[in-house]
2 protein chains.
Amino acid sequence: MSEEHHPHSGHNHNDCIEAALETAEQLCTEQGQRLTKVRRRALELIWESHRPLGAYQLLAKLAEEGFNSAPPTVYRALDFLLAAGLIHKVESMNAFLGCAHADKVHKGYFLICDECHNVMEFDYQDIHASLIARAAEQDFELRSETIELTGLCSACKAAGASA
Amino acid sequence: MSEEHHPHSGHNHNDCIEAALETAEQLCTEQGQRLTKVRRRALELIWESHRPLGAYQLLAKLAEEGFNSAPPTVYRALDFLLAAGLIHKVESMNAFLGCAHADKVHKGYFLICDECHNVMEFDYQDIHASLIARAAEQDFELRSETIELTGLCSACKAAGASA
DNA sequence: TTTCTTTTGTTATAGTATAACAAGAATTAA
DNA sequence: TTAATTCTTGTTATACTATAACAAAAGAAA
């Protein structure tokens, strides 16, 4: 059960997917990028849940649907989606997650549940400001931030407590 | 050149290594853990620089010195050192770094230079507090934090500016 | 010394990612 | 419309990262 519950309360996940795809189309058009079949489908498949998807899991799903099943296919699609800011890579899991705010410049900070593996993306300006400040103290010029927090989400905590 | 400069100004790196090893001996003794030859040497090799070392790089160095050269050897040593809190894994690089504060409970936050690959570990309580607070807002119970910031360190910035 | 536990050796394999070059499709220029 | 160009995909091979499983050896405890 804890594998299935959804971390975003009262949310219709189809809306997530639709919104993500719409944003993707828009961004690609604006930037003269081509959201080809395999790229579009990869994005949809990644968005099927709020759990990060591994490259080879994605490859298997694409292969089922008749796409080419060699690793470069999926890594190219992933590279494209990453570069376009449409997905994030969760470094601590070697897996990929739909970006919830692709239309805004932002940092992807993640809360990853150890139990159900759902991930929530958050974007808090005060943390970003703190990090910039701490880096500046070392005269360090920040370019990218990997912030991945793990633990127990609300639902799994409740489930575990009653178990 | 930028490959060689040292990020910690005015520091004698031998002191780092000695201090790290001494702390390691002490912690292992206290906890009834055995810092065997291969574990000790692995720790030293990781501490040879402030750059994260890959498992297979470490394996190669150990092999040169007559240690067994199969992967499990090095991963076991790494697992031990990680569990003992003597090293950290830099997730975004799949590489390992000596822990600068093994004797204190702390979170490993890293500043990673994209140019010279030196890493500075920092430990700021205000960031930790912010992260806890943000997690709590989602009713999320924090267990681990992966904070890896990349960019340009002071020396590389200076080198690049003059280039 | 026997037993128990921890550590290491060894072989095999699983999982993640990229290099290199050929072929095809879409876009642009002529 | 064709030719040239660029972008994208196909294909094969390989590199890099990590673990499973079981045997042997070493160290600690009884």
Side-chain angles (χ1 to χ4, degrees), chain A residues 24-25 27-43 45-46 51-84 86-97 117 146 148, chain B residues 24-25 27-43 45-46 51-84 86-97 117 146 148:
Chain A
E25 301 274 15
L27 286 176
C28 288
T29 302
E30 279 173 18
Q31 295 167 20
Q33 300 283 58
R34 287 156 57 193
L35 191 63
T36 60
K37 272 190 189 173
V38 66
R39 290 169 178 172
R40 192 181 202 287
R41 188 60 186 140
L43 183 58
L45 289 168
I46 289 169
R51 299 190 189 97
L53 191 65
Y56 280 72
Q57 289 175 280
L58 176 55
L59 186 57
K61 294 190 186 215
L62 287 170
E64 275 178 18
E65 302 181 7
F67 290 97
N68 180 31
S69 67
T73 297
V74 76
Y75 280 102
R76 282 169 183 154
L78 290 169
D79 285 348
F80 175 87
L81 297 170
L82 284 168
L86 297 170
I87 61 173
H88 292 290
K89 178 172 185 183
V90 180
E91 296 288 351
S92 56
M93 300 179 75
N94 294 320
F96 303 84
L97 188 71
H117 305 116
T146 299
E148 300 176 5
Chain B
E25 301 274 15
L27 287 176
C28 288
T29 302
E30 279 173 20
Q31 296 167 20
Q33 301 281 59
R34 287 155 57 191
L35 191 63
T36 61
K37 272 190 190 171
V38 66
R39 290 169 178 173
R40 192 179 203 287
R41 188 61 186 141
L43 182 59
L45 289 168
I46 289 170
R51 297 189 189 97
L53 192 65
Y56 281 72
Q57 289 175 279
L58 175 57
L59 186 59
K61 293 189 186 214
L62 287 170
E64 276 177 18
E65 300 180 7
F67 290 96
N68 180 30
S69 66
T73 297
V74 76
Y75 280 103
R76 283 169 183 155
L78 290 170
D79 285 347
F80 174 88
L81 297 171
L82 284 168
L86 298 170
I87 60 173
H88 292 290
K89 179 171 186 184
V90 180
E91 295 288 351
S92 56
M93 301 178 75
N94 293 318
F96 303 84
L97 187 71
H117 305 116
T146 299
E148 301 176 6

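Convention: sequence-line order gives letters A, B, ...; per-chain numbering from 1.
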Comparing B:Gln33 with B:Pro72, nearest DNA chain C nucleotide closer to 5' gives the residue B:Gln33
Could you tell me whether a side-chain N or O of A:Arg39 sits under 3.5 Å from a main-chain N or O of A:Arg34, the two making a donor and an acceptor? yes
Closest listed nucleotide, where the reference is the side chain of B:Arg39 and the choices are C:dT8, C:dA17, C:dT11: C:dT8
Ignoring backbone atoms, establish whether B:Lys89 has a side-chain N or O less than 4.0 Å from OP1 or OP2 of D:dA18. yes
Measure from CG on B:Leu78 to P on D:dC16 and round the result to the nearest Å. 17 Å
B:Glu91 has an atom CD; how far is it from atom P of C:dA17, in whole Å? 12 Å
Exam field: side chain A:Thr29 to backbone A:Glu25, donor-acceptor pair closer than 3.5 Å: yes
Protein-nucleotide distance (B:Arg40, atom CZ; C:dT7, atom C1'), rounded to Å: 18 Å
In whole angstrom, give the distance that lies between atom OH of B:Tyr75 and atom P of D:dT17. 7 Å
Tell me the interatomic distance from B:Phe67, atom CZ, to C:dG9, atom P, rounded to whole angstroms. 9 Å
To the nearest 0.5 Å, how far apart are CZ in A:Arg76 and OG1 in A:Thr36? 11.5 Å
Could you check which of C:dT7, C:dT16, D:dT11 has an atom nearest any side-chain atom of A:Asn94? C:dT16
5' priority, DNA chain D, between B:Asp79 and B:Arg34 [closest heavy atom]: B:Asp79
Within less than 4.0 Å of OP1 or OP2 of D:dT9, is there a side-chain N or O belonging to A:Asn68? no
Does D:dT19 have OP1 or OP2 under 4.0 Å away from a side-chain N or O of B:Arg76? no
For B:Leu59 and C:dT8, give me the distance from atom CG to atom P, rounded to whole Å. 14 Å
For A:Ser92 and A:Glu148, test the side chains for any donor-to-acceptor distance below 3.5 angstrom and give the result as yes or no. yes
Candidate nucleotides D:dA18, D:dT8, D:dT12, ranked by approach to the side chain of A:Thr36 - the nearest: D:dT8
CG of A:Leu53 versus C1' of C:dT16: gap in Å, rounded? 14 Å
In whole Å, what is the span from the CG atom of B:Leu58 to the C1' atom of D:dA18? 14 Å
Please answer whether D:dC16 and B:Tyr56 are stacked, defined here as ring centres separated by less than 5.5 Å and planes angled under 30°. no
